Peer 1: 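Take a look at this one; I'll ask things after.
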There are 2 protein chains.
Amino acid sequence: MNISDVAKRAGLPAKTIRYYEEIGLVKPPRDTNGYRAFRESDVHKLAFLSRARALGFTIEDCRTLLTLYEDKTRASADVKELASAHLHKIEDKIAQLQSMRDTLSELVQSCAGDDRPDCPILKDLAARGSPA
Amino acid sequence: MNISDVAKRAGLPAKTIRYYEEIGLVKPPRDTNGYRAFRESDVHKLAFLSRARALGFTIEDCRTLLTLYEDKTRASADVKELASAHLHKIEDKIAQLQSMRDTLSELVQSCAGDDRPDCPILKDLAARGSPA
DNA sequence: CCTTGACCTTCCAGTGACAGGAACCCTTAT
DNA sequence: ATAAGGGTTCCTGTCACTGGAAGGTCAAGG
């Protein structure tokens, strides 16, 4: 199967698939004309990667997940640990963004948003931390 | 004032300050020995940038905010619009992360995390979208 | 046989916002 | 004189791609 069909089936851009090959995540054989000839197993792997990436796992995490996936003697604890660590990072990130959102939301609400120059948003950026 | 003192006062690494100069956000004059000689106005600008970055504004947004800050005839509406747009992006990002978190959280909870290979996390990554 | 268009290939550059490190200069204290 | 602790520039690397140029391949139509 050629790359554009694989792209559709895996839900990944062709460029991304080439990149994944470059970094060794998939190793499709080649036709005599030099085209990548994807097997079903390659498509399956790529779909796996697509879903793992959609859950925010890094490429290196994905590499590990693929290895675990293919290792039939894996311990589910290893997978769970990886996923848990990632979950914590996401939760940290959410908390951080929520904090930004709360501050920003207040600032936006406090700004008149008219044609006058007076602006609490700029005032806050200029003065926070240095009370004058 | 030398860069490391400015770094402390503005709450930014020296490397970052040099980078901000490189991209034209600050333009400190130089001493005869080649050292950057920061003025109070430079420190003030850098502190402004530090706070804007902490709220997640991009560098280009920061550049615009600085321009607006220094333009005493600005309309607060322009500032508010920029901040609102940024707020929406943050909210989108939060929603996206929360969706990841919800999925991941379920998967992690459903995984035994012992020494057996059976793992719902890997199963989900392999099979989601292709019901078998 | 030729062309057209849609594929495919590789390779190079750019993204955002820095961080790390090498190699070297300046200042101050001992 | 030297050593420590500033400062400087310049180059590379990060992360996960994306865009684009230059060129090979294939199937269909005239």
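Note that this is a predicted model, so its numbers are computed, not measured.
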Peer 1: With a strict under 4.0 Å distance from non-hydrogen atoms of chain B, what nucleotide opens and what nucleotide closes the contacted stretch of DNA chain C, reading 5' to 3'?
Peer 2: C:dA17 to C:dT27
Peer 1: Within the structure provided, determine whether B:Leu25 and B:Phe48 are in side-chain contact (heavy-atom separation under 4.5 Å).
Peer 2: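 Side-chain contact under 4.5 Å: no.
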Peer 1: Regarding B:Asp92 and B:Lys89, does a basic nitrogen lie under 4.0 Å from an acidic carboxylate oxygen?
Peer 2: no
Peer 1: Tell me, which of residues 86-93 of chain B have any heavy atom that sits under 4.0 Å from an atom in DNA chain D?
Peer 2: none
Peer 1: Picking from B:Lys27, B:Lys45, B:Arg36, B:Lys15, what satisfies salt bridge (charged side-chain N to carboxylate O under 4.0 Å, His left out) with B:Glu21?
Peer 2: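 Output: one option passes, namely B:Arg36.
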Peer 1: To the nearest 0.5 angstrom, please state how far the CG atom of B:Leu68 sits from the CG atom of A:Leu125.
Peer 2: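 Reported to 0.5 Å precision, the distance equals 11.0 Å.
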Peer 1: Looking only at heavy atoms, what is the nearest atom pair of A:Ile3 and A:Ala14, with distance?
Peer 2: CD1-O, 3.6 Å
Peer 1: With the sugar-phosphate defined as primed atoms, P, OP1 and OP2, and the base as all remaining atoms, what B/S/- string results for nucleotides 5-20 of chain D, 5' to 3', for protein heavy atoms under 4.0 Å?
Peer 2: -BSBBB-----BBSBB
Peer 1: Give me the atom names and distance for the closest heavy-atom approach of A:Asn2 to A:Phe38.
Peer 2: C-CD1, 4.2 Å
Peer 1: Given side chain to side chain contact (heavy atoms under 4.5 Å, CB included), test A:Thr58 with A:Asp61 step by step and report yes or no.
Peer 2: CA-CA 5 Å; A:Thr58 66; A:Asp61 281 350; 3.3 Å; yes
Peer 1: Check whether any side-chain heavy atom of A:Val79 lies under 4.5 Å from a side-chain heavy atom of A:Tyr69, and answer yes or no.
Peer 2: no
Peer 1: Answer yes when A:Asp118 and A:Arg116 have at least one side-chain N-carboxylate O distance shorter than 4.0 Å, and no when they do not.
Peer 2: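 Judged by the 4.0 Å cut-off on N to carboxylate O distance, A:Asp118 and A:Arg116 do not form a salt bridge.
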Peer 1: Kindly give the heavy-atom pair with the smallest separation between A:His86 and A:Leu55, and that separation in Å.
Peer 2: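 Of all heavy-atom pairs spanning A:His86 and A:Leu55, the closest is NE2-O, 2.8 Å.
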